[in-house]
Amino acid sequence: MPMGTTQIYVAYDGESLQSGLMDVRDLAPAFIAIGDLCQETNRVLNGDKAHLSVKVRSGFQRGSFEISLEIMQSIIHHAKSLLLGDDIIAVKTLTELLGFAGGGYVSLITFLKWLKNRKVIGIANQENGDYRIEIEGDHIDVSPNILKLSENIKVREALEGIIKPLIQDGIDRFEVRQGNEIIESIGKGDIPSFSQPEFTEGVTVDNEQAALLEIVRLSFEEKYKWTFTNGNMIFNADIEDVEFLNKLNRREILFAKGDILKVSLYTKSWQTEKGLKTEYKVLRVIEIIPSPRQLQMFSPQQEDK
């Protein structure tokens, strides 16, 4: 269901555009990044309740390549959203949050230019619902949505793509315009503000517990990484029980298909840049439980009767 449409105007300025000629490979990826930024912002703030499509119209003046973007938003699962009372952030507000339109408050672009990748030492809630971001000797108030966008990896990647042309000689500035008014301006000196800070691994959870594991595949290589199943999933685990491995090497231990190991299993999970990661270690093999053998309930003589 159509919901709203808005237009934004952005431009790249510089000496390399004075001739009226440019290499499409220099700016085309940046245009795609603008679309990615708008769509990811909609996804972060609206989830699957609304969809954005971004269309581009271009215009050229000597020394400046100006782009007119038409952004259309449509509601998904409209009836469900009404029943649940879901609020959808309109496309006009989304562009204002990014800094692609004047909104009268701190935009994402303004916030990142102010932050300059400096270390945040404090975040405090304000009475109006905003957050006060504190760095050494300075602070700024931003909305929760701005904070959420600034912490999103895909949003930050798209912003990097938008300003990437500024790295080249001859393209000096990216501007958001509204008529003759410049809403936001990013120059070469602002490039470091939009580079992504190094990822810090998130919360780590680890535990040790008894577990029953069935061997899927064993290994005699140096690290002894075996493949197990616990009945629900298949995973790899390092064997760190030296006594067990020595007995295995001396052939004092034999396995049959379906045998179960009762073990002390160490599990560690942590957040990485690419998502959640989990590793497993068998610290000690407590017991080898043979697989059940088929029982012969009747003798051949009894079956013949």
Side-chain angles (χ1 to χ4, degrees), residues 6-42 44-45 52-71 91-118 140 142 145-146 149-197:
T6 191
Q7 282 191 318
I8 62 174
Y9 299 87
V10 299
Y12 292 91
D13 296 328
E15 293 180 0
S16 64
L17 301 172
Q18 291 292 333
S19 65
L21 298 174
M22 66 175 182
D23 191 333
V24 68
R25 291 172 297 182
D26 293 339
L27 293 182
F31 303 158
I32 295 172
I34 293 172
D36 290 343
L37 176 61
C38 294
Q39 290 173 345
E40 182 64 15
T41 297
N42 181 70
V44 170
L45 300 184
L52 278 190
S53 61
V54 182
K55 297 183 179 180
V56 61
R57 297 175 181 175
S58 64
F60 184 83
Q61 298 178 11
R62 187 170 296 275
S64 177
F65 188 84
E66 184 172 308
I67 310 146
S68 169
L69 291 166
E70 186 175 73
I71 307 173
V91 60
K92 184 177 183 298
T93 303
L94 293 178
T95 57
E96 291 171 354
L97 288 169
L98 290 173
F100 286 163
Y105 44 76
V106 176
S107 70
L108 179 62
I109 291 176
T110 300
F111 173 55
L112 294 178
K113 285 173 64 176
W114 171 86
L115 186 60
K116 297 179 181 177
N117 268 334
R118 293 174 290 181
I140 191 172
V142 300
N145 286 331
I146 294 298
L149 292 173
S150 70
E151 294 175 337
N152 183 276
I153 292 176
K154 290 185 177 180
V155 167
R156 298 295 295 270
E157 286 177 348
L159 274 171
E160 276 191 305
I162 290 171
I163 66 166
K164 192 172 182 180
L166 303 185
I167 299 173
Q168 306 171 45
D169 292 333
I171 300 180
D172 305 317
R173 187 163 297 278
F174 169 81
E175 291 181 345
V176 179
R177 299 174 181 173
Q178 200 166 38
N180 295 324
E181 181 185 1
I182 297 174
I183 304 297
E184 291 283 4
S185 180
I186 301 174
K188 288 185 179 295
D190 298 315
I191 291 175
S193 299
F194 293 90
S195 60
Q196 290 192 63

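As a basis for the values below, the full set of heavy atoms in this structure was taken, side chains included, without hydrogen atoms, waters or symmetry mates.
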### Message
For Gly102 versus Gln178, what's the shortest heavy-atom pair and its separation?
### Response
N-OE1, 4.3 Å
### Summary
From the list Leu112, Ile162, Ile163, side-chain contact (heavy atoms from CB on, under 4.5 Å) with Ile186 holds only for Ile163
### Value rounded to 0.5 Å, distance of CD1 in Ile8 from CD in Glu70
11.0 Å
### Task
Locate the shortest heavy-atom distance separating Pro165 from Ala30; write the atom from each residue and the value.
CG-CB, 3.7 Å
### Message
Could you check whether any side-chain N or O of Lys116 sits under 3.5 Å from a backbone N or O of Asp190, counting only pairs where one atom can act as donor and the other as acceptor?
### Response
no
### Query
Do Leu108 and Val155 touch side chain to side chain, with heavy atoms closer than 4.5 Å?
yes
#### Entry: Glu96: partners by salt bridge (charged side-chain N to carboxylate O under 4.0 Å, His left out), with sequence neighbours left out
Lys92
### Message
What verdict does the side chain to side chain contact (heavy atoms under 4.5 Å, CB included) test give for Asp13 and Asp172, after you've listed the backbone C-alpha separation in whole Å, the side-chain angles of each residue and the deciding distance to 0.1 Å?
### Response
CA-CA 6 Å; Asp13 296 328; Asp172 305 317; 5.9 Å; no
### Exceeds 12 heavy-atom contacts within 6.0 angstrom, atom NZ of Lys154
no
### Task
Measure from the side-chain N and O atoms of Asn42 to the backbone N and O of Leu94, and report whether any donor-acceptor pair falls under 3.5 Å.
no
## Note on the structure
To the nearest 0.5 Å, atom CG of Leu37 lies from atom OG1 of Thr41 at 4.5 Å
#### Entry: Approximate separation, where rounding is to 0.5 Å, of Glu175 CD and Arg173 CZ
6.0 Å
## Note on the structure
In short, Cys38 meets Ile71 closest at the heavy-atom pair SG-CD1, 3.8 Å
### Query
Taking Lys113 for the side chain and Phe194 for the main chain, is one N or O donor matched with an acceptor at less than 3.5 Å?
no
### Task
Can you measure from CG (Leu97) to CD1 (Ile146) and round to the nearest 0.5 angstrom?
4.5 Å
### Query
Is there a donor-acceptor contact under 3.5 Å from the side chain of Arg156 to the main chain of Ser150?
yes
### Message
Checking Thr110 now: which residues fulfil side-chain hydrogen bond (donor to acceptor under 3.5 Å, both in side chains) with it, not counting sequence neighbours?
### Response
Ser107, Glu184
## Note on the structure
To the nearest 0.5 Å, atom CH2 of Trp114 lies from atom CD1 of Ile140 at 5.5 Å
### Summary
Rounded to the nearest 0.5 angstrom, the CG-CD1 distance for Leu159 and Ile34 is 10.0 Å
